[in-house]
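To start, the structure under review is shown below, and the notes come after it.
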Amino acid sequence: MSFDAVRYIFRRPFQWREFLDQSWFVARVSMAPTLLVAIPLTVLVSFTLNILLRELGAADLSGAGAAFGAVTQVGPLVTVLVIAGAGATAMSADLGSRTIRDEIAALEVLGIDPVRRLVTPRVLASTLIALLLNGLVVVVGVVGGYVFSVLVQDVSPGAFMAGITLLTGIPELIISGVKAAFFGMIAGL
């Protein structure tokens, strides 16, 4: 089924309406849990890193660590946990209830492939929303790291901002987006 779902991505006709409906559904179901998981994780990473950097006398590098942690690790991890935990679970429950009500069998009787009609748009929706949620987690991570580092641990705001791009640039953002998209696709499949 996974092979067929990926194969139907590149075949016409594509079910755009189902894709948009499922994208909105997954985004709606996953937005709040993403924020509720991202904030404590990024604060934990910033807190632990800032303690280590203070011991080494390099508290000015906390921006680099917070950005690097949020972009490369926390973003894709939180994204896949929420997409698999909230989005994919809700999609599976919907497909299961359709099977119980014999809607899947009705589609097959009508000559409509259920994988093409129902599964492929859901897989692409989870992939797209995982990519977008990754961006949200990265922004929340950097802002949360800034607030926590500057307000709680007395790191200089200028030093924090100057260090953000020290370890993190466009290549890391691209890798993070690709990881999140693959994780979202795997969760959808």
Side-chain angles (χ1 to χ4, degrees), residues 6 9 22-91 122-189:
V6 172
I9 292 172
Q22 290 304 312
S23 295
W24 174 245
F25 174 72
V26 173
R28 192 180 69 231
V29 167
S30 302
M31 186 75 70
T34 298
L35 292 175
L36 293 174
V37 172
I39 292 170
L41 275 178
T42 55
V43 167
L44 177 70
V45 168
S46 294
F47 177 72
T48 307
L49 184 67
N50 287 345
I51 289 174
L52 176 67
L53 289 174
R54 278 183 181 265
E55 292 292 325
L56 297 174
D60 294 343
L61 296 176
S62 64
F68 189 72
V71 169
T72 61
Q73 302 303 322
V74 175
L77 177 70
V78 167
T79 300
V80 72
L81 289 176
V82 172
I83 291 292
T89 303
M91 288 188 293
R122 284 169 169 76
V123 169
L124 281 180
S126 66
T127 304
L128 174 69
I129 299 304
L131 182 63
L132 296 176
L133 287 178
N134 181 55
L136 176 68
V137 172
V138 167
V139 169
V140 166
V142 172
V143 170
Y146 176 82
V147 168
F148 190 77
S149 297
V150 170
L151 297 180
V152 176
Q153 293 183 317
D154 297 325
V155 174
S156 167
F160 186 93
M161 295 302 287
I164 286 178
T165 59
L166 196 61
L167 296 175
T168 308
I170 298 297
E172 287 78 21
L173 288 172
I174 291 171
I175 290 170
S176 176
V178 168
K179 280 171 52 174
F182 277 129
F183 287 164
M185 180 179 275
I186 290 168
L189 288 172

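- To the nearest 0.5 angstrom, Ile9 atom CD1 is 4.0 Å from Leu124 atom CG.
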Result block: side-chain N/O donor-acceptor pairs under 3.5 angstrom for residues 156-164, not counting sequence neighbours:
none

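- Looking at residues two or more places apart in sequence or on another chain, you find a side-chain contact (heavy atoms from CB on, under 4.5 Å) between Leu49 and Leu53.
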Residues 168-189 side chain polar contacts: donor-acceptor under 3.5 Å, at least two apart:
residue, atom, partner, partner atom, Å
Thr168, OG1, Phe68, N, 3.3
Glu172, OE1, Gly169, N, 2.7
Ser176, OG, Val71, O, 2.7
Ser176, OG, Asn134, OD1, 3.4
Ser176, OG, Asn134, ND2, 3.0
Lys179, NZ, Thr72, O, 2.7

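- Taking the side-chain contact (heavy atoms from CB on, under 4.5 Å) definition, one finds that Leu52 meets it with Leu56, sequence neighbours left out.
- Listed by chain and number, the residues in a side-chain contact (heavy atoms from CB on, under 4.5 Å) with Leu81 are Leu77 (sequence neighbours excluded).
- Partners of Ile51 according to the side-chain contact (heavy atoms from CB on, under 4.5 Å) rule, which considers only residues two or more places apart in sequence or in another chain, are Phe47, Gln153.
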Residues 135-149 side chain polar contacts: donor-acceptor under 3.5 Å, at least two apart:
residue, atom, partner, partner atom, Å
Ser149, OG, Asn50, ND2, 2.7
Ser149, OG, Gly145, O, 2.8

Could you tabulate the donor-acceptor pairs under 3.5 Å formed by side-chain atoms of residues 24-42, not counting sequence neighbours?
residue, atom, partner, partner atom, Å
Ser30, OG, Val26, O, 2.9
Thr34, OG1, Ser30, O, 2.6
Thr42, OG1, Ala38, O, 2.9
Thr42, OG1, Ile39, O, 3.0

